[in-house]
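The structure appears right after this line, and notes come after that.
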Amino acid sequence: MGIEVVVEGLTKSFGGQSVWRDVTLTLPAGEVSVMLGPSGTGKTVFLKSLIGLLKPERGRVLINGVDMVNSPEREIYETRKLFGLMFQDGALFGSMSLFDNIAFPLREHTRKKESEIRRVVMERIEVVGLLGAEGKLPGEISGGMRKRAGLARALVLDPQIILCDEPDSGLDPVRTAYLSQLLIDLNAQIDATMLIVTHNLDIAATVPDNMGMLFRRELVTFGPREVLLTSEEPVVAQFLDGRREGPIGMSEEKDAATLAAEADAGAVPAPPRRIVPQLEPSPGLPPRAAVTRRRQRVMGMIDSLPPAARSAIRETYASHAAAPTLTVPSAGSGT
Ligand SMILES: Nc1ncnc2c1ncn2[C@@H]1O[C@H](COP(=O)(O)OP(=O)(O)OP(=O)(O)O)[C@@H](O)[C@H]1O
Ligand SMILES: [Mg+2]
């Protein structure tokens, strides 16, 4: 059963330059959340702060009463064992077979016998679809297989909180679709709390219960997926529509003059955005335990949400079985 992660007023900087300020959000127990954000906005720094590998100057990260920022190092170390972390670059040891890579956390953190380690590792290898490749070195397999090996390694300690840093980078669209399904299936099987950092709009649209976005050193928004998917916040709309027009520039955020020039030029309106149904677990798997909890939670807060999100949520839940596709009005109307 997943564990809630409560982030309060988190602020992190390097050498006087802040990465983000005052980030407050809750990852609800057992739900899947996605964090979006242009390159360099501090998504990886955020994940590392959650597990206590980086130390924000202000704020708290509460997990089972332990503060991953300020509690004694010993408590942080113990709590870190609840996490499974899939790194952005796979972070496999090049000289070790996939089997040994995936077995590494078990050998490092547990006193399991080799026969038990073998059983757990092979189970995880099967889950991520790598049976037969366990003897290969990371250099002998494709990037997508390395990603899945990284995920298998994140799973061996039965994590209750899973963090995935750009699990899709370097994957083709078909593999990305399989990965999306794999993430939902995992959630159905172990009910872990999951946070996925991604740039991939298909994953963002189909996988999470909740979504947030980092931009300009702040958390722009975090909440039920429908809030972000119907948002007219310029930066959110630009990101979701994958457009050049908007506050996000090539290497940095755009300055006011560039934005004004764009406005004068009258950008073409973005096509209407569609909310597609969230993925369901594969046939034969149990339903996701988080679904009922999430429904209660979201219906409890619905009156505080923007109108577009409210109607999207009502529509989703009203015709849940019918898996509706609904259309929301376009955000970018050439302003
Ligand atoms: N250990 C560090 N020391 C100093 N600066 C750092 C360190 N780690 C990250 N940064 C800086 O913090 C900022 C955010 O980096 P981060 O890697 O979190 O971005 P990101 O959102 O994950 O980007 P991407 O999408 O490209 O992976 C960057 O400006 C980066 O240079
Ligand atoms: Mg990153």
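Using a cutoff of 4.0 Å between basic side-chain nitrogens and carboxylate oxygens, Glu116 and Arg119 are scored as salt-bridged. Checked for salt-bridge contact, Arg297 and Glu31 meet the test: a charged N lies under 4.0 Å from a carboxylate O. We find that Glu226 and Arg310 are not joined by a salt bridge, their nearest charged nitrogen and carboxylate oxygen being 4.0 Å or further apart. Ion pairing of Glu73 with Lys55 is present here, as a side-chain N (NZ or NE/NH1/NH2) and a carboxylate O approach within less than 4.0 Å. The pair Glu114-Arg118 does not count as a salt bridge, with every side-chain nitrogen at least 4.0 angstrom from each carboxylate oxygen. Salt bridge present: Asp100 and Arg107 bring a charged side-chain N and a carboxylate O closer than 4.0 Å.
A distance-only check finds no donor-acceptor pair linking the side chain of Gln296 to the backbone of Val291 [under 3.5 Å]. Of the possible donor and acceptor atoms, none in the side chain of Ser231 sits under 3.5 Å from a partner among the backbone N and O of Val236. Side-chain N or O atoms of Thr41 include one that pairs as donor or acceptor with a backbone N or O of Pro38 at under 3.5 Å. Under the 3.5 Å distance criterion, the side-chain polar atoms of Glu218 are left unmatched by any main-chain donor or acceptor of Asp22. Listed for the Trp20 side chain is a donor-acceptor partner under 3.5 Å among the backbone atoms of Gly42. Side-chain atoms of Thr24 never come within 3.5 Å of backbone atoms of Glu8 as a donor-acceptor pair (strictly under, hydrogens ignored).
Using the six-membered ring where Trp is involved, Phe239 and His199 have ring planes that are tilted, between 30° and 60° apart.
Contact between Phe215 and Val220 at its shortest, heavy atoms only, is CB-CG2, 3.5 Å. Summarising the geometry of Ala152 relative to Val128, their closest heavy-atom pair is CB-CG2, 3.8 Å, with the distance given to 0.1 Å. Across all their heavy atoms, Pro138 and Asn101 have their closest contact at CG-ND2, 3.8 Å. When all heavy atoms of Asn70 and Arg60 are compared, the closest pair comes out as ND2-CG, 4.4 Å. Met35 and Phe46 get closest at one heavy-atom pair: CE-CE2, 4.1 Å. For Pro28 against Asn210, the heavy-atom pair with the smallest separation is CD-ND2, 3.6 Å.
With sequence neighbours excluded, the residues satisfying side-chain contact (heavy atoms from CB on, under 4.5 Å) with Thr206 are Ser180, Val276, Leu279. In this structure Arg58 satisfies the side-chain contact (heavy atoms from CB on, under 4.5 Å) test together with Thr11, sequence neighbours excluded.
Using a 4.5 Å heavy-atom cutoff, the side chains of Pro159 and Leu82 are not in contact. In this structure, the side chains of Thr193 and Ile162 stay at 4.5 Å or more apart for every pair of heavy atoms. At a threshold of 4.5 Å between non-hydrogen side-chain atoms, the residues Ser49 and Pro56 count as touching. In this structure, the side chains of Leu92 and Leu98 come closer than 4.5 Å at one or more pairs of heavy atoms. Put simply, the side chain of Val23 does not reach to within 4.5 Å of the side chain of Phe222, judged on heavy atoms. Taking the side chain as every heavy atom from C-beta outward, Arg217 and Val19 never approach each other to under 4.5 Å. Between Leu36 and Met211, some side-chain heavy-atom pair lies under the 4.5 Å cut-off. Between Leu157 and Thr110 the shortest side-chain heavy-atom distance falls below 4.5 Å.
Going from atom CD1 of Ile203 over to atom CG of Leu183 covers 6.5 Å, rounded to the nearest 0.5 Å. We find the CE-CG distance between Met86 and Asp165 to be 9.5 Å, quoted to the nearest 0.5 Å. To the nearest 0.5 Å, atom CD1 of residue Ile63 and atom CZ of residue Arg80 are 10.5 Å apart. Of the inter-residue distances, the one linking Ile161 atom CD1 with Asn64 atom CG reads 7.5 Å to the nearest 0.5 angstrom. Interatomic distance, CE of Met68 versus OG1 of Thr79, reported as 5.0 Å (0.5 Å rounding). Atoms CG and SG, from Leu195 and Cys164 in turn, are 8.5 Å apart once rounded to the nearest 0.5 Å.
Glu57 and Ser13 form a side-chain donor-acceptor contact under 3.5 Å, judged by distance and modelled atom types alone.
Cluster annotation: Leu228 is connected to Leu201 through the hydrophobic network of ILVMFWY side chains, with a link wherever side-chain heavy atoms come within less than 4.5 Å. Under a hydrophobic-cluster definition in which Ile, Leu, Val, Met, Phe, Trp and Tyr are linked whenever side-chain heavy atoms come within less than 4.5 Å, directly or via other members, Val7 and Ile3 are assigned to the same cluster. Using a 4.5 Å cut-off between side-chain heavy atoms of Ile, Leu, Val, Met, Phe, Trp and Tyr, with links allowed through other members, Val227 and Met301 fall into the same hydrophobic cluster. Linking ILVMFWY residues whenever their side-chain heavy atoms come closer than 4.5 Å, directly or via other members, places Leu151 and Met122 in the same cluster. Put simply, Leu10 and Val6 are part of two different groups of oily side chains (I, L, V, M, F, W, Y) that touch within less than 4.5 Å, one to the next.
The 12-atom threshold is not exceeded at NZ of Lys48, counting heavy atoms of other residues, nucleotides or ligands nearer than 6.0 Å.
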Side chain to side chain contact (heavy atoms under 4.5 Å, CB included) assessment of Val127 paired with Leu182: CA-CA 8 Å; Val127 167; Leu182 179 58; 4.2 Å; yes
From CA spacing to verdict: side chain to side chain contact (heavy atoms under 4.5 Å, CB included), Tyr317, Arg295: CA-CA 8 Å; Tyr317 284 140; Arg295 184 176 185 147; 3.7 Å; yes
Residues Leu106, Val120; criterion side chain to side chain contact (heavy atoms under 4.5 Å, CB included); working and verdict: CA-CA 9 Å; Leu106 289 169; Val120 175; 3.9 Å; yes
Verdict with reasoning, Phe93 to Leu137, per side chain to side chain contact (heavy atoms under 4.5 Å, CB included): CA-CA 9 Å; Phe93 301 109; Leu137 294 173; over 6 Å; no
Residue pair Gln189, Asp185: steps toward the side chain to side chain donor-acceptor pair (under 3.5 Å) verdict: CA-CA 6 Å; Gln189 285 163 298; Asp185 288 354; over 6 Å; no
Side chain to side chain donor-acceptor pair (under 3.5 Å) between Thr176 and Asp168, intermediate numbers included: CA-CA 6 Å; Thr176 302; Asp168 53 282; 5.7 Å; no
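Of the candidates Lys81, Lys112, Arg124, Asp158 forms a salt bridge (Lys or Arg N to Asp or Glu O under 4.0 Å) with just one, namely Arg124. Just one of Arg293, Arg288, Arg225 meets the salt bridge (Lys or Arg N to Asp or Glu O under 4.0 Å) condition when paired with Asp209; it is Arg288.
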